[in-house]
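All values below were derived from every heavy atom in this structure, side-chain atoms included, with hydrogens, water molecules and symmetry-related copies excluded. Source: prediction; values computed, not measured.
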Amino acid sequence: MKTAIQRPETLLVERDPRGVVRLTLNRPDIRNAFDGVLISDLTICLDELAADKAIRALVLTGAGAAFSAGAELNWMRSSGEQGDHENFQDALRLAGVMHRLDTMPMPTIARVNGAAMGGGVGLTACCDMAVAAEDALFALSEVKLGIIPGAISPYVLRAIGPRNARRYFLTGERFDAETAFRIGLVHEVAPKGALDAGVDQLLAELLSAGPKAVRAAKDLIKHVAIKEIDDLLSRDTAQRIAHQRVTDEAKEGLSAFLEKRKPGWTA
């Protein structure tokens, strides 16, 4: 499938005859982590796909062993060294790609083939449905680096609820696919070797329904839901992460991780 984005080093886009598009984050060497380039490419690609009314469903997955490790740490470190305005704009772009994925007009499925960390959890929560491999691992690990999951928080909170967020936002601990299922982050956990079968089962249900009705039903949910994630909320959460990135604690957390040592606050 040809798209305006021709960057196989960041994204792969495939479309089958049924109108199902598979969008693959293609950075397996860095566990599909995202930086400014991937965020820009993904935003442009999603915008283009959103305009295609013939697409019946969109499947998001990662190349290699990971779904997405979230933000690339050297990119995060450089963001923390920027001025307030540049850092805020950077955070807004991340919030923007999450909002774009969340508001896609066709049904979306996260095919979580491996680790989903930080922003990878955000991508999972932004999709309408999520199927995880039984050995997938998840973490909202930002606090371990001295930052917070600002841009992704509206979507993750909506998926797992405030009570679960109070645990996993604050501890940054890892949790397995069964826990992700129990707290509402994913809808299905697929046994080893059966991840594609789990995705295909959801696709079969979607493709058995009226294409226009499916899109209309998704639009109905958006308008009936208790609180819409609007620009004001996106800007607020972007501002929060932008502020936290430039703190001494964030710089220490990222430096400690890259230098493979414990951060100072664990002493």
Any donor-acceptor N/O pair, [X] side chain to [Y] backbone, under 3.5 Å:
X	Y	answer
Asp35	Glu72	no
Arg27	Ala33	yes
Asp176	Asp135	no
Thr24	Thr61	no
Ser40	Gly36	no
Thr108	Met104	no
Thr43	Ile39	yes
Ser68	Asn32	yes

For a 4.5 angstrom cut-off between non-hydrogen side-chain atoms, does [X] reach [Y]?
X	Y	answer
Pro263	Phe257	no
Val59	Val21	no
Leu206	Ile109	yes

Considering non-hydrogen atoms only, spot the tightest contact between [X] and [Y] and give its length.
X	Y	result
Asn113	Gly62	ND2-O, 3.0 Å
Phe34	Gly119	CZ-CA, 3.6 Å
Phe138	Ala132	CZ-CB, 4.0 Å
Leu25	Phe67	CD1-O, 3.9 Å

### Message
Given the ring of Trp75, does Arg245 sit roughly above its face, with NZ or CZ under 6.0 Å from the centre of the six-membered ring and within 45° of the axis?
### Response
yes
For [Y], is there an ion pair with [X] - N to carboxylate O distance below 4.0 angstrom?
X	Y	result
Arg158	Asp102	yes
Glu173	Lys144	no
Lys262	Glu252	no
Asp219	Lys212	no

### Task
Any chance you could pull the hydrophobic cluster mates of Leu137, using side-chain heavy atoms under 4.5 angstrom and chaining through other members?
Met117
### Query
Taking ILVMFWY side chains as joined if any heavy atoms are under 4.5 angstrom apart, and letting links pass through other members, which residues group with Val143?
none
### Message
Once rounded to the nearest 0.5 Å, what's the spacing between atom CG of Asn164 and atom CD1 of Ile183?
### Response
5.0 Å
### Message
Can you confirm whether the side chains of Asp231 and Ser234 place a donor and an acceptor under 3.5 Å from each other?
### Response
no
### Task
Sequence neighbours left out, what pairs pass side-chain hydrogen bond (donor to acceptor under 3.5 Å, both in side chains) with at least one residue falling in residues 183-209?
Arg111-Asp196
